[in-house]
Structure formats: C-alpha cells, structure tokens
Amino acid sequence: MDKSYSPADIESRWYDTWESRGYFAPDLDAEGEPYSIMLPPPNVTGSLHMGHAFQDTIMDILTRYHRMRGQPTLWQPGTDHAGIATQMVVERQLALKDVSRHDLGRDAFVDAVWAWKEQSGGTIERQMRRLGASVDWSHSRFTMDQGLSDAVTRVFVSLYDDGLIERRKRLVNWDPVLHTAVSDLEVESVEEKGSLWHIRYPLADNGGHVIVATTRPETLLGDAAVAVNPDDERYASLVGKKLKLPLTDRTIPVIADDYVDTEFGTGCVKITPAHDFNDWEVGERHDLPVINVLTPDAAMNENAPEAYQGMDRFEARKQIVADLEAAGLLERTEPHTLMVPRGDRSNTVIEPYLTDQWYVKIAPLAKPAIEAVRDGRIRFVPENWNKTYFNWMEGIKDWCISRQLWWGHRIPAWYDDEGRVYVGRDEADARQRGGLGDEVALRQDDDVLDTWFSSALWPFTTLGWPDKTRRLETFYPTSVLVTGFDIIFFWVARMIMMGLRFAGDVPFRDVYIHGLIMDAQGQKMSKSKGNVLDPIDLIDGIELEPLVRKRTTGLMQPQMAPKIEKATRNEFPDGIPAYGCDALRFTFASLATTGRDIRFGLGRIEGHRNFCNKLWNAARYVLMQTEGHTIEAPRSLTLPDRWIRSRLGALLRDLETHIDNYRMDLAAQALYEFTWNEYCDWYLELSKPALQEGDEAQQNATRHTLLTVLEQLLRALHPFMPFITEEIWQKVAPALGLSGDSIVITDWPQAPAADKEAEEHVAWLKAVLQGVRRIRAELNVAPGKPLDVQLQGGTEPDRAHLERSESLLRGVGRIAGFEWVDAEADASQCAVALVDSLRLLIPLKGLVDVAEESRRLRKLLDKERKDLARSEGKLGNSRFVDNAPEAVVAQEKERLASHRATVEELEAQLERLAALGD
RNA sequence: GGGCGCGUAGCUCAGCGGUAGAGCACUACCUUGACAUGGUAGGGGUCACUGGUUCGAUCCCAGUCGUGCCCACCA
C-alpha cells in the first residue's frame, strides 16, 4: 500500500464493478423485512447541488446498512420532468439563438425538451455514481415515462369520476411572464416598500366624497364597489349611495361588509372582484360585477378607458396616480410596506386573474392523510414537524393543477365545439364514455398538469402501479422518506394523500426531515449569490481560476460578477483541494444533526480527509504486521485484544441505535472516535510490544485481533465511506482467509460481547501511561528516555494489573523497570503521578526542578481540593443524602474518598519538596 | 398576527436532571519503522439573561432579550 491515501485512484475503480455485478438491485428472495427508499427525483434541469449530495449520502448510508443486514433492499432512483423549471431552461437556451417556443411550435419544442432531458439526466446519473449512490439503476424511472404517464392519467380520471377534480372559472395566481397559473405554494410573499394612495371617490348625487386607501391604484378601473364596515358609524349614512368611479364614467355603490377593518386606512375599501382574492369573495356576497381590466401580460385591456389600454400595469399605475392628482382626487400618498406576491420561478409579481382552471378538491383527500400521521402510521423525524404538517393540512385549499405550459402531462380532457368537456384515458375512451360518435370533433385541453401531480404518485408508480407487481407488493409502503422541510407541502403531504387513496396504504413509514445545506456564513447557496459549491469539486478539487469562472459565468445578473469573484478569491485563495468522495460523505453524515441549517465549511471535510488517511495507515500497519504469517483462530486472547473487541461491540451497538434514530452525526462521531482514539491511538500501540516480545500464541492472537477488528470496522464504516473501505477490505479479507468478492455484499458485523475485566484493565493501563507521559511532557523529559518507575501504596487490583501487563507497560511507556517501594521510601527526588491511591514515583535525580515540580503539583492540588470541597458539601447536606438515589450518593462517597486520598498524597509530596528546597 | 426553531470553548456544533464534550483553531515538546493528512501533553466555557420547580438545573417550567425560518387576505 502507498504511504498516503489518494482518493482519486481508489474511487475510480470500484463503482462500475459494483454496478455491473448487480449488487444494487434488490434480492427479492432474501429473508428479512424489506427495506426501501424512494429517491426524491431530482429535476432534470441541470446538475446536482450540495443538498442533493447530502441527502443522497444519508439515503445511501441507510441503504447500504440495511442491505448488509440481509434485508431485501431497494433504493429507487429516477428523475422529475419539473414542468416549469425545465421548460424555462430550454426556453432560455432557445432565446440565445433568438428563437421562441412559439417559433418552434408545440411538438418541436417538446422534442427539444426531451433532448435536453437526455443530456441533463445523464449528468445527474454520472454525479450520483461519483457519490457512490447504490441505487437500483436497472429500474430507474422518469416521471414522463410511458408507465408513469399512464398512471397519471388513470389517477386523474379516477379523481374526476369521483368528483374530486373539476374545472372552474375563478381567480388564480397568474404569472404574467410565464403565462400560466401557479399554485398557492409557488407564490412567495416578499416584504417590499410601496405606497398607500388615498384617493377621493366623489359621491354621485351631491357633493362630498369618501377616501379610499389602496396599494394598487391601477385596479381602480375594475372597481365594482366601495365597502365599509357595517358597524362603522362614520359611513353608515353612505351605505347604498352611489359613487363616481374616478377616471371612468361608471358609478359604483357603497356596500357594507364585515371584511372591512375600521382601524386600517380610512375604513373604506375599494372592491375589485377581478383582481383580488378577498374582493372576489366580497363580490360574490354582494353579487357585484366582475370587471377584468388586465390582459394575460398584465397590461390594461379593453375594459379600461381607452387612454390606458395596452399600458403595462406599473406604467398604468404611474399614469393613473398622475391623472388622479391632476383631477384633484389624490388626497395624499404615504409610504407603506406590504407583502408582494412573487412567482417562485419568474420572480415577477403574481396577479389574481380570472381564468378557467382544473382543481383538485383537497379536503376529502386531506382528512385521511391527517389521520395517518395522527395515529402514527406515519412518523415525522424529528417529531415536531408533524405540527407544521397539521397546520398546513388543516387549512389546506383546493389545488390548482392545470398549467399553461407545453412540457408535462397533457390533461386528459377533450372539448367539443360547444365547449362541453369529456374526460378519459385517451380520446377514444373519452368519446366512448361521453357516448360520442366519430363524427363529433374533439379538441384536447392544451394545458398540462402541475409537475407535483405526478411526483405525488412516485412511491407507487415507480414500483409498477397499477399493476400488482412483485416490487410493489414487496416494497410498498416504503420504509422512509428522506427529504428537506422545504418540500413538506409540495411533495410529502401530497404523496400521503395520493398514496392512501390509490395504493391503499401510506407511502412511507418514517419521514426523516433533514436540514438544508448553507455556505460557511449560513447563507443559502445560490448561483446568483455566487456561493455555490459543487460536490464534485470537493471530491476532485478545483483550481482557483476555473472556480471563479464557474461561479461568474451564466449569471442572471452579470453585474454581480466582480463581487462574486472577489469573495471567491478571498475564501478560496488556493482553490479547493481534492478531498475525495469518502471524506465528503463522512462530512455530510457528521453534519446531519437535528438543526435546520447546516453550515458547510472546509474545516470539517479536511479533518475527514485526514481521517481517511488515518484509516489507510492503520490498515497499512496491520498488513505489514501480518504479512507472511499464517493467522489462526486464537485459543486465548491478550487483555488488549479482549479490550478492543469489547470496544468494537460497544461501537456496533451504538451505531445500530444511531442509524435507527437517523442520527448520522452521532454514528459518524462514534466511528471516528473508535477508529482514531481507541483502535489507532491505543490498540495499535498496545499491539506493538506483544508482536515484538510476545510468544507465538500472543503474537497470533494479536495479529488475529488486528485483522479481525479492522475487517469488522471496515464493514461498519462501509455505509459511510464505501470506496476506501472496499479498497482496504480487498487486502484485509484474504489475510483472514475470508471468501467473498466485495465488502458491499458482506454481512453487518455481529457485535462482540462486553468484556468488563478487559475494559477495567485497559482503563488502568491508560491511566498509568498517561500519568507517566504527563510527567515527561511537563518536566521536559525526552519522550524516548527510559524511566524507572517506583510504585507506592495502591491496592491489590493495582498489583494484579501490573503483574499482568508489566512488560506491556515497559514497552509502550518506555519504562526501564517497575519497583514496589514501601510507604516510607524517600520520594523527594521523584516526580509523582497518581492513579487513585496508587503513587507512581519517577526518580529524576538532579533532573527535578523543585520549583517547577511544586508548581505542577500545586496545580493538580488546587483542582483536587475544589472537587473535594464540592463532594464534602454535597454529602454534608442531609437533604441530598436523604433524597438522592442511593447509587448517586454511593458514587459521591467514592469520589469523596478518592479526592481525599489524592489531596493527602499531593500535600505530602509538596511538603517533601519544600523540605528539599530549604 | 399565528406556528416552529436557535442562543454551550475563538469558530462550527453535540449533550439535555447528578462533577461540561467533539472537530477545527490555539500553546509546548517530538522527523519514535502505520500515519507530520502525524504523535504526546496542555490552555480555553459563571452552558444569553431573570425568576421558579428540585436535595441538585446547561438540561424541566415561566418570562425577558437576541436571532432565524415557515404560514397568514388586512386594502
């Protein structure tokens, strides 16, 4: 093996092997509880980001772990057609060539999107392979595959037949740039500074006026009334009167409605049913006319006075305010912050707009979905997310599922010349169901479905639904959904609703909600901020210049480029080193805490790259020590052998708990700690004397333990770091005579039983060695200089421990010899370390700097005295002694005794030193 | 306006009723035959604040301050 670990060599060679040998396809005949995870299908809009890589790592850990436990395990991959997002990407590409989708026409455009999908989907798959994701590629799915599309149609028709889908004309969220309706979830409210214009509406009959406050003066042209609160005495006499609508020749009534808040503005509200959701409802209650004054582009239409027709809404706003002012109708303008609805894709201001759209009546679907979480058939992890879920589900509104796009599942509805609608699986079906002959001309609805409609079916359509396939029967409901909280409403809730209705059960048992990856400053990563990290760059490394180029090209706002460049050069002056996939994955695991934001900085990943190197070198040591030896099953083990096996058992038990609880951070920490602090720092060191000085049997036991523990550790690490563990395992397994082609298909290790005797013994060894080392360090004794150690006091167990491990201590601690001395022996020329009541005296004739040693001991004494006082205080308090559990009191008594002994020893030694100093 | 979080070592975060932990950073010493991507030994925290419950609170409860996110129709 090479002296240091180089990830690039290792990672390139394993993935293809695993995949081609079919390791990732589930073994449906395996015994054990089936385990399955649906990959949240990434959008085919480009490439994977850090969030995907993070999520994929968690899913892969779970998948590999359960596969090793012998369960039939499926991680189902695929991609999402992502309607709007993908259409926009392709339109933007066409725009570079000065072509619009309308130039191409629908069919040619859809072909162009398919071409893009092939390319983009390939990129995503390549990236997932680089991450080591052990998905079942042989069954990868795309939301617009034939089978999945058929399922979508089937679900649509079924919901329609049950009266849960209907087409209605009402206000929707209209995106005037994308020219499509969007759902409530796709609208983001953004706080923005605007104005509140106070406008006079003159009374029609006599003089006088009311003042209306509005943030949207341009919609005045569509006003149908002015409303006041029925209890508002200021305006009671005006209700029923007519007002002259400014800038028009219309008159509108004053109406009374509870909706109006007397405290806000002037207490008079203009009612514009065609352009405001609230006003729409007021209009319905009062039977007001609906006057739409906007075009689909949000320009003023023919219902507006001619002077404004064709003007964009914001231009019209300016003009109308100016005209009102000129007419003396503008009372005043005050600054006002308001929540502006913006499209999450286009970022343009969304208009409430009157159109025909398809809706899912959601309440009947939501009810069982709420039940499923309430009664525990689905469990959110962490649990508090169910509150978020309930809040939303209980106030859920009908879902607008039609989109005026070309890319997506075409709505299976046809119209005849009279506009009557016929729904069916296809045109022939619609015709038959509608009892229509061939002579009736039908035209299919132009719209497509919201992309989340098909995503909602993902957990069962990917398994073959509606066919009762073996995969469906085996893997549905899936075991866990791993996702971010940002799509609980978009996706999680809808999968639950659809799964319950169409697949007859919940889609998943657990929903593990993880945090979102942020940059090192806690900022959301985004192209426009220029703070995006590409997971592949962390694996392979990237030089500064290409990184700068990557971050500054293709920006929506090119003017940001210099700022981004500066920040990038500042943060990564030397670019990004190649850390390797295993280090990246281990870092993701260690970051998977319960928090919501996850800051990703380079410090952690560097530490984990070093961790890989540590593991690599530990393996190198083990192989060097075992090469050329025949390793046999040992008949007896040394105490360190027994200790490390016992510790491995503890590790494995902890790991199982942590993985079951989705605490990958704790799992990673446990692995790190065992590997570095127990196996490498202690066991490998303790093995050296045994290999050099031990007899044949001890040597064999030690070699066997070195190999066995390493081999099992590799298996435990494998779900987290698949590549390096495979590489090392290939060398370690033969040394143990293990058969098997790959670590991927090994079994999860059985945890060895706890060995209390060995644990106690090694704890004692460590205490002795650390005492000696501390003296060396603090008194500046060369690490290699052999020391004599005298032992004073102590207990029977101390003597027994020493007897069993004297030569081991000599070897590891560079100790020339041990000698028991009686209590009266002169210790004034010695440095002292204490292991409970056992005194380690290290004679350093002439080397002990009395002042220095006194200072050192005084420091220890101070701490001991403080602890002693605390123990005394506690035990002196009768309420503590009477009330605390017996075990706690007993433990405190032990501490008291131990501290008291230590304090006495230290005081005595200080006295001796003082006498020497005089 | 509701809901959900967070405030622990210089930084990023675990812990959550019995004497404060990790990684990184920091200090000193060490080219010891696995590893300087390393070793050994250290330094560093009144666990935001104020009350309460308790024998005992970083942990539970109430409130305050700071901070973040989500939802909501106030023109």
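Here is how names work: the chains are called A, B, and so on, in the same order as the sequence lines, proteins then strands, and each is numbered from 1.
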Does A/Lys270 make a side-chain N or O approach to OP1 or OP2 of B/C74 shorter than 4.0 Å? no

Using only side-chain N and O atoms of A/Arg599, determine if any of them is under 4.0 Å from OP1 or OP2 of B/U12. yes

Does OP1 or OP2 of B/G38 have a side-chain N or O of A/Asn610 closer than 4.0 Å? yes

Using a cut-off of less than 4.0 Å, is there contact between a side-chain N or O of A/Trp676 and OP1 or OP2 of B/G39? yes

Both distances below 3.5 Å, Watson-Crick or wobble geometry, any strand: find the nucleotide opposite B/A14. none

Rounded to whole angstrom, note down the P distance from B/U64 over to B/G1. 13 Å

Report yes if a donor N or O on one partner sits less than 3.5 Å from an acceptor N or O on the other, where the partners are the side chain of A/Arg870 and the base of B/U19; otherwise report no. yes

Examine B/C4: is either OP1 or OP2 under 4.0 Å from a nitrogen or oxygen in the side chain of A/Lys387? Give yes or no. yes

Is any side-chain N or O of A/Arg773 closer than 4.0 Å to OP1 or OP2 of B/A41? yes

Does a side-chain N or O from A/Arg774 land closer than 4.0 Å to OP1 or OP2 of B/A41, or not? no

Please give, in whole Å, the distance from B/G5 P to A/Phe380 CZ? 14 Å

I want to check one thing: is the phosphate of B/A14, taken as OP1 and OP2, less than 4.0 Å away from some side-chain N or O of A/Thr593? yes

Considering just the side-chain nitrogens and oxygens of A/Arg663, establish if one lies under 4.0 Å of OP1 or OP2 belonging to B/G15. yes

Check whether any side-chain heavy atom of A/Leu666 lies under 4.5 Å from a side-chain heavy atom of A/Asp654, and answer yes or no. no

Under 3.5 Å: donor-acceptor pair, side chain of A/His275, backbone of A/Val293: yes

If only side-chain N and O atoms of A/Arg604 are considered, is one of them under 4.0 Å from the OP1 or OP2 phosphate oxygen of B/G23? no

Quick one: A/Glu191 CD to B/A72 P, roughly how many Å, whole number? 16 Å

Distance check: side-chain N/O of A/Asn384 vs OP1/OP2 of B/G5, anything under 4.0 Å? yes

Any side-chain N or O of A/Lys688 under 4.0 Å from OP1/OP2 of B/A34? yes

Strictly distance-based, threshold 3.5 Å: is any side-chain N or O of A/Asp519 a donor or acceptor partner for the main-chain N or O of A/Gln521? yes

When only distance counts, do a donor and an acceptor, one from the side chain of A/Lys614 and one from the base of B/C35, lie under 3.5 Å apart? yes

Once you round it to whole Å, what is the distance between C1' of B/U40 and CG of A/Asn677? 13 Å

